[in-house]
Amino acid sequence: MVQKKTAWVLYYSNSGNTKKLADLAEETLKNCGWGVETASLMDFDPVEMKKPGLIILGTPVHFWAVPDMAQKRIARLPNLSGAAGFVFCTFGNVFSSQVPYVLARELEKRDAKVLGGAALVGHHNFMDGKGKCLGEVYPEFGKGQPDDAMLAKFVGAVKIIAEKAGKEELSGFDIKRLKSPNPLLTFLDRFLPVTLELKSLAPVHFDVSKCLDCGLCLKNCDTKSITKGLDGVKTINQKTCKHCYTCARECPVGAMTVNWARNEKILRLAKKLVKNPGSRIMV
């Protein structure tokens with residue numbers, strides 16, 4: 001019996017956009033005859049996983065960059081010599097930035113050979129000033145994206161990569177193609193620190209009068225910036241909070257509050273200043 005080649009599908013996801021594509025990549029690879037091990041970057045243990053012949057790595061874009069917690073988990077990846085790679089990011093139709101290129105460099109630092117990548121628009125998970133999800137209401141923030149046509153293109157790209165990896169055809173792709181096609185975005189990436197971007201957005205505040213003590217905010221805070229005192233009051237460390245706002249979205253009673261109107265104004269201003277290149281798939 002011929003043993004299946006192993007592929008890793010690793011992802012980091014706050015809103016579900018990136019996980020949706022990771023699940024689609026897993027399904028596609030299985031249909032191509034690969035054995036697939038899929039895991040969130042927050043949970044995966046490389047020691048317990050078979051060495052891959054192919055690795056697919058995806059994250060969202062968080063303030064023009066790979067999310068900090070994802071970057072720390074990627075740093076744990078072992079040597080991937082002999083493996084092909086494919087990288088992708090999701091973003092809420094504001095900035096895709098350099099994230100695919102950054103992910104590709106991380107894989108190639110570990111001796112994998114990246115054969116392609118993608119940056120796909122998905123629904124933006126911030127709320128508007130009326131408390132509605134931007135990406136569920138406004139086309140300019142990714143409503144209905146990625147659509148069926150773009151998902152089909154993503155599946156096609158994964159199939160191409162799987163075929164090349166299976167044949168060990170690991171040459172011919174220049175990861176510089178994954179850089180942002182917008183020079184201004186590249187400039188801003190390099191010279192605007194993420195800390196400055198974080199300070200521009202509204203912080204999360206805790207309303208003790210609404211809290212049911214369900215623990216969802218603690219469970220969903222990847223940076224462990226939320227702590228609970230003996231009196232049951234939650235404290236948010238604003239210095240370590242990365243403004244992913246997962247706690248606010250998950251809270252069933254609105255005990256985690258955010259000035260969403262302020263954030264919406266900032267995002268709309270950013271979209272006016274810099275035109276994003278939209279979804280891209282490169283193989």
Side-chain angles (χ1 to χ4, degrees), residues 7-13 17-22 24-25 28-29 41 52-68 70-75 77 80-122 142 145-146 149-165 169-192 194 274-283:
W8 289 0
V9 178
L10 303 179
Y11 66 91
Y12 180 83
S13 187
N17 284 338
T18 311
K19 185 180 185 304
K20 178 180 178 180
L21 290 179
L24 185 58
T28 302
L29 290 172
L41 282 167
L54 169 62
I55 178 169
I56 294 182
L57 176 64
T59 76
V61 176
H62 196 197
F63 305 111
W64 307 349
V66 176
D68 183 64
Q71 189 70 61
K72 290 178 179 177
R73 296 290 173 156
I74 290 169
L77 288 173
L80 298 165
S81 178
F86 180 80
V87 296
F88 70 91
C89 72
T90 57
F91 65 109
N93 210 25
V94 182
F95 300 128
S96 64
S97 197
Q98 298 280 81
V99 168
Y101 177 65
V102 172
L103 294 175
R105 283 194 307 172
E106 290 294 335
L107 292 186
E108 296 216 334
K109 283 179 186 177
R110 291 158 179 82
D111 295 328
K113 180 57 182 175
V114 174
L115 302 180
L120 268 62
V121 173
Q145 296 297 323
M150 186 54 63
L151 291 174
K153 290 180 180 179
F154 179 79
V155 168
V158 173
K159 287 180 177 179
I160 290 172
I161 300 301
E163 183 178 359
K164 289 183 177 180
E169 297 176 356
L170 305 185
S171 61
F173 185 82
D174 185 353
I175 65 170
K176 290 181 180 178
R177 289 177 58 194
L178 300 174
K179 289 186 174 183
S180 171
N182 189 323
L184 180 56
L185 290 181
T186 303
F187 174 85
L188 292 173
D189 269 344
R190 187 172 298 176
F191 293 103
L192 277 182
V194 172
V274 183
K275 183 180 179 180
N276 85 73
S279 295
R280 298 182 300 138
I281 296 178
M282 297 139 286
V283 291

Heavy-atom nearest pair, V61 first then C89, reads CG2-SG, 3.8 Å

The ring-ring contact (aromatic ring centres under 6.0 Å, His included) partners of F88 (sequence neighbours excluded) come to F154

Residues at least two apart in sequence or cross-chain that pass salt bridge (Lys or Arg N to Asp or Glu O under 4.0 Å) with K19, listed by chain then number, are D23

Task: Student check: side-chain heavy atoms of L120 and I281 closer than 4.5 Å - done: yes

Hits for side chain to side chain donor-acceptor pair (under 3.5 Å) against K153, two or more places apart or cross-chain, chain-then-number order -> none

Report task. Taking the side chain as every heavy atom from C-beta outward, state whether W8 and L80 have any pair of such atoms under 4.5 Å apart. Result -> yes

Across all chains, not counting sequence neighbours, the side-chain contact (heavy atoms from CB on, under 4.5 Å) partners of S81 are N79, D111

For R177, the salt bridge (Lys or Arg N to Asp or Glu O under 4.0 Å) test, sequence neighbours excluded, returns none

dist R280:CZ -> S180:OG (nearest 0.5 Å) comes out at 6.0 Å

Y12 meets the side chain to side chain donor-acceptor pair (under 3.5 Å) criterion, sequence neighbours left out, with D222

Rounding to 0.5 Å, atoms CD (Q145) and CZ (F91) come to a distance of 10.0 Å

On a heavy-atom basis, the closest approach of P100 and A118 is CG-O, 3.8 Å

The reported gap from OG1 in T28 to CD1 in I161 (rounded to nearest 0.5 angstrom) is 12.5 Å

Across all chains, not counting sequence neighbours, the side-chain contact (heavy atoms from CB on, under 4.5 Å) partners of K164 are L115, I160, E169

Sequence neighbours excluded, the answer for side-chain contact (heavy atoms from CB on, under 4.5 Å) partners of A165 is W34, L54, A84

Residues passing the side chain to side chain donor-acceptor pair (under 3.5 Å) test with T90, sequence neighbours excluded, are T18

H62 and P67 have their tightest heavy-atom pair at CB-CG, 3.8 Å

G117 and F86 have their tightest heavy-atom pair at N-CE1, 3.4 Å

* Just wondering, do L21 and L151 contact through their side chains at under 4.5 Å, heavy atoms? -> yes

- Does some side-chain heavy atom of L29 sit less than 4.5 Å from a side-chain heavy atom of I56? yes

Sorted by chain and residue number, the side chain to side chain donor-acceptor pair (under 3.5 Å) partners of Q71 (sequence neighbours excluded) come out as E106

Here the gap from K179 atom NZ to R105 atom CZ, rounded to the nearest 0.5 Å, amounts to 8.0 Å

Sorted by chain and number, sequence neighbours left out, side-chain contact (heavy atoms from CB on, under 4.5 Å) with E108 holds for K113, V114, I175

In V94, N17, N93, the residue satisfying side-chain contact (heavy atoms from CB on, under 4.5 Å) with V121 is N93

Looking only at heavy atoms, the pair that brings L170 and G82 closest together is CD1-O, 3.7 Å

When rounded to the nearest 0.5 Å, the distance separating OG1 of T59 from CG of L41 is 8.0 Å

Take I74 and L10 through the test side chain to side chain contact (heavy atoms under 4.5 Å, CB included) and record every step on the way to the result.
CA-CA 9 Å; I74 290 169; L10 303 179; over 6 Å; no

Salt bridge (Lys or Arg N to Asp or Glu O under 4.0 Å) filter on K159, not counting sequence neighbours, yields none

